[in-house]
Chemist: 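This is the structure, below, for whatever I ask next.
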Amino acid sequence: MSSLLDIKDLHAGITDKPIINGLSLSINPGEVHAIMGPNGSGKSTLSYVLSGKSGYEVNGGEMLFEGQELAEMTPEARAIAGLFLAFQYPLEIPGVTNMTFLKTSLNAIRRGRGEEDMDAASFLRLAREKSRALGMDDDMLRRQLNVGFSGGEKKRNEILQMAMLEPKLAILDETDSGLDIDALKTVAEGVNALRSPERGMLVITHYQRLLDFIKPDVVHVMAKGQIVKSGGPELALELEKSGYAEYVGGADAASAGSPAHA
Amino acid sequence: MSEAKASMSEAKASIDKETVEQVAQFGGEHYKYGFTTEIDMDRVENGLSEDIIRFISAKKEEPQWLLDWRLDAYERWLTMEEPEWAHVDYPKIDYQDLCYYAAPKSMEDGPKSLDEVDPELLKTYKKLGIPLIEQEMLAGVRKVAVDAVFDSVSVGTTFRDELAKDGVIFCSFSEAVKEHPDLVQKYLGSVVPKSDNYFTALNSAVFSDGSFVYIPPGVRCPMELSTYFRINEANTGQFERTLVIADKGSYVSYLEGCTAPMRDENQLHAAVVELVALEDAEIKYSTVQNWYPGDADGKGGIYNFVTKRGDCREDRARISWTQVETGSAVTWKYPSCILRGDGSSGEFYSIAISNNLQQVDSGTKMIHLGKNTSSKIISKGISAGRSSNCYRGQVSVHPKAANARNFTQCDSLLIGDKCAAHTVPYIEAKNLSALLEHEATTSKISDDQLFFCQQRGLDAEEAVALIVNGFCRDVLQNLPMEFAVEAQQLVGISLEGSVG
Ligand SMILES: Nc1ncnc2c1ncn2[C@@H]1O[C@H](COP(=O)(O)OP(=O)(O)OP(=O)(O)O)[C@@H](O)[C@H]1O
Ligand SMILES: [Mg+2]
């Protein structure tokens, strides 16, 4: 089986500062992978490098998305190819309604794939259906993108965008943080609704709780820019009990909050 | 140069939409309206003199009073200096090297009915998206009446008969002089005096055409009125005048649009617009200004030196200016309101975009003279490239203007780090009861916002267009529905090339 995402020995970072240090990870279609790891270990950086944020440089290795090297594609080309990132900190765009943003985004992606724009009526129906499924008021669609949204509403809004765009690979960066327990369930349902044999997901989280709702196939531990351990769902439970101490020993453990090192 | 030639011959070839797009691609410019119409023109020799003024006046068979009015303006102009206080910089204009009158030969015998207008002209407007054949108005779309001004003359006005049923007069300025001389004489120059400034004096001397609107008492004008200005000839100036009079208790919404071919030389457009709103009348005046801005290196483009002023002459009159300024190499323009009547109100909503080497110095004046007058200013300036964008606004409250209110919101958005934005507000309150609020912000499009949009499939230019449209939303919402969509697209197009 050919993988959806295949990262081999990836080295990346910002100018003069390596953050991802020889990371390898492979996700097959249909699989959900979870990444856990201490603050500052490079999880968000990995998501930015995969999606092409400017300012991050790839210094070695490869990251193939359905066999195509991501580093050679513009950020929008990656989105059009089916890569989606739910941001840890979603952005605000004043004056642009949620509805306008969704429509512009959906049609940009359709055009990028050589498809026609979605007609206004079908779009409206789809947007209503998806937002209701996520327990969002119709009113949210008319509001300006993320402006004045609560932390939880912003996260939910990311999942709405994902539901509308139906990506092949979704990276969720701490989508659970800031969500109350009911919201967590609705968001998880939204994510689960998208699970399918063709789709893959990379779920970045600090809490086992999310993984009760979104059952991962593989759990990875990331530390200092590498995957240091991989296992089944039970690994997440283990981490919850014992923390990251065992993975962050060594040269610069201080950055991961371990007091062990002098 | 060969590109310009190619674009000319292409424009002649056929008039379908494809051609327009093809033409737009020549020269690698984003400007869609840069084509030239090949048509026999009647143009006077370059130069400005009493003789030229007499020639223009005679051509239009004007009454003696108007010729005298022009000559008086010319005499004053000769004594005046070109203003230098604006934040713009352009080479000295040689006023003797301009042509002051150019009209299609087919218009020689004065305005004709629309059926007789030269098909080449009809095609030109059709290409610009302005159908002059009434039947071509799309079914289901609200009707918009159009006066089409081509270089120095009006080539036709649509829906005149239908408007006349309500007593609304909508015609070219030249026709108004002939058919409604009393109205013209009463109001011409009553808002913007001839010698108000250098360019108004010049315009008053040589103006060649424009639009005239009169709405009778109590009438709500049944459709949008609009004028579409087109400069076509090389080396000509366009000097038009617009006069809109809303009689007691009437309402009108009026829109003007402007385009010009791409040429390497700069061209001058010096217009005067006067609005008069009588008791309880309301005028909404919108502009979508898309004159050729010059190329990426600042070569060519229109000098847009315009004086627009509205007079809320009687109690409770309302005037609202909305402008979307995206074109022109240099813009110098301050649509203003004189709030004379008690309880009258003035509004100014502006989007001014500058890209590449464009220079904009624009804003408004709100002059509070009457009691309980109010004004509102919302200005959105967007600068990109190496452009310069200055908001210049004045709010002045005279001693007798008790309880005057003003709210000013002035926002600047910068794209890139080579452009400049300036805000120059003058506030002058001579009555202690005045309540004046001023808010100003300056922001940049953040890389994070751009990336967020790109991650959702938009390319950098689409992302900028979306973010800028959001930034301008308060103003775009004020445009008549028919033009809001066009204006939104224009905002995007005019910023192409500003990122990446
Ligand atoms: N643009 C940047 N400039 C400077 N440092 C950066 C930048 N981006 C990331 N870093 C640094 O790289 C390291 C990894 O950051 P990253 O945000 O990827 O961590 P994370 O694993 O997502 O952490 P958290 O769990 O707190 O979200 C951190 O030390 C961070 O400060
Ligand atoms: Mg993070």
Side-chain angles (χ1 to χ4, degrees), chain A residues 44 47-56 73-98 100-113 115 143-147 154 157-158 160-162 164-167 170-171 173, chain B residues 140 324 349-351 353 378-382 409 411-417 439 441-479 481 484-485 487-489 491-492 495 499-500:
Chain A
S44 294
S47 74
Y48 290 147
V49 172
L50 289 172
S51 52
K53 186 172 182 181
S54 63
Y56 292 88
M73 299 159 75
T74 61
E76 62 272 23
R78 302 181 203 198
I80 289 162
L83 183 83
F84 179 91
L85 170 62
F87 284 64
Q88 183 173 4
Y89 304 108
L91 275 293
E92 297 180 5
I93 305 187
V96 175
T97 63
N98 222 352
T100 302
F101 185 72
L102 283 173
K103 194 169 169 181
T104 312
S105 162
L106 182 69
N107 285 333
I109 285 184
R110 289 172 70 108
R111 262 176 252 161
R113 293 177 183 160
E115 298 165 14
R143 284 174 60 183
Q144 302 178 27
L145 183 72
N146 291 333
V147 176
K154 285 184 184 175
N157 210 25
E158 293 290 289
L160 172 63
Q161 288 160 35
M162 178 179 82
M164 292 292 291
L165 299 178
E166 303 189 322
I171 305 170
D173 191 357
Chain B
V324 179
Y349 296 96
S350 170
I351 297 170
I353 297 182
I378 308 282
S379 163
K380 306 278 179 176
I382 298 110
Q409 168 90 45
D411 299 323
S412 306
L413 184 70
L414 302 171
I415 302 173
D417 50 12
E439 291 175 10
T441 65
T442 300
S443 51
K444 287 191 104 172
I445 294 185
S446 74
D447 288 348
D448 286 348
Q449 277 176 322
L450 274 182
F451 173 61
F452 186 62
C453 293
Q454 286 175 290
Q455 210 310 297
R456 297 297 184 258
L458 284 70
D459 65 31
E461 280 177 350
E462 290 168 333
V464 167
L466 183 78
I467 294 167
V468 171
N469 268 305
F471 174 77
C472 298
R473 178 175 137 111
D474 300 347
V475 176
L476 287 169
Q477 278 176 337
N478 267 289
L479 282 174
M481 202 175 53
V485 175
Q488 269 178 27
Q489 288 167 352
V491 165
L495 285 168
V499 285

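Because the structure is predicted, anything quoted here is derived from the model rather than measured. Below, chains carry the letters A, B, ... as their sequence lines are ordered, and counting in each starts from 1.
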Chemist: Side chain, backbone, both or neither: which part of A:Arg110 has an atom under 4.5 Å from a heavy atom of chain B?
Modeler: neither
Chemist: Could you report the tightest heavy-atom contact between A:Ser51 and B:Phe451, atom names first, then the distance?
Modeler: OG-CZ, 3.2 Å
Chemist: Short question: side chain of A:Arg78, backbone of A:Met73 - any donor-acceptor pair under 3.5 Å?
Modeler: yes
Chemist: With a 4.5 angstrom heavy-atom cut-off, is it the side chain or the backbone of B:Glu462 that approaches chain A, or both, or neither?
Modeler: side chain
Chemist: Report the distance from atom CD1 of B:Ile382 to atom CD1 of B:Ile353, rounding to the nearest 0.5 Å.
Modeler: 4.5 Å
Chemist: Shorter than 4.5 Å, heavy atoms on both sides: which option in A:Pro94, A:Ser54, A:Ser105 has the most such pairs with chain B?
Modeler: A:Ser105
Chemist: Say whether, by atom type as modelled, one donor and one acceptor occur between the side chain of A:Arg113 and the main chain of A:Ile80 under 3.5 angstrom.
Modeler: yes
Chemist: If you count heavy-atom pairs within less than 4.5 Å of chain B, which of A:Thr100, A:Ile109, A:Leu106 leads?
Modeler: A:Ile109
Chemist: Could you tell me which of A:Leu145, A:Thr74, A:Leu91 has the largest number of non-hydrogen atom pairs under 4.5 Å with chain B?
Modeler: A:Leu91
Chemist: Side chain, backbone, both or neither: which part of A:Thr104 has a non-hydrogen atom closer than 4.5 Å to chain B?
Modeler: both
Chemist: Given heavy-atom pairs under 4.5 angstrom as the criterion, report whether the side chain, backbone, both or neither of A:Gln144 touches chain B.
Modeler: side chain
Chemist: Measure centre to centre between the rings of B:Phe452 and A:Tyr89, then say whether the value is under 6.0 Å.
Modeler: no
Chemist: Hey, does the side chain of B:Gln455 reach the backbone of A:Leu83 with a donor-acceptor pair shorter than 3.5 angstrom?
Modeler: yes
Chemist: Using non-hydrogen atoms only, which part of A:Leu102 is less than 4.5 Å away from chain B: side chain, backbone, both, or neither?
Modeler: neither
Chemist: Side chain from CB out, backbone as N, CA, C, O: work out which of these in A:Leu85 comes under 4.5 Å of a heavy atom of chain B, or both, or neither.
Modeler: both
Chemist: Heavy-atom cut-off 4.5 Å, strictly under: side chain, backbone, both or neither for A:Ile93 against chain B?
Modeler: both
Chemist: Quick one: of B:Ala463, B:Ser446, B:Gly470, who has the most non-hydrogen atom pairs under 4.5 Å with chain A?
Modeler: B:Gly470
Chemist: With sequence neighbours left out, write down each residue that passes side-chain hydrogen bond (donor to acceptor under 3.5 Å, both in side chains) with B:Arg456, or none if nothing qualifies.
Modeler: A:Glu158, A:Gln161
Chemist: Do the rings of A:Tyr56 and A:Tyr48 sit parallel, tilted or perpendicular, given the 30° and 60° boundaries?
Modeler: tilted
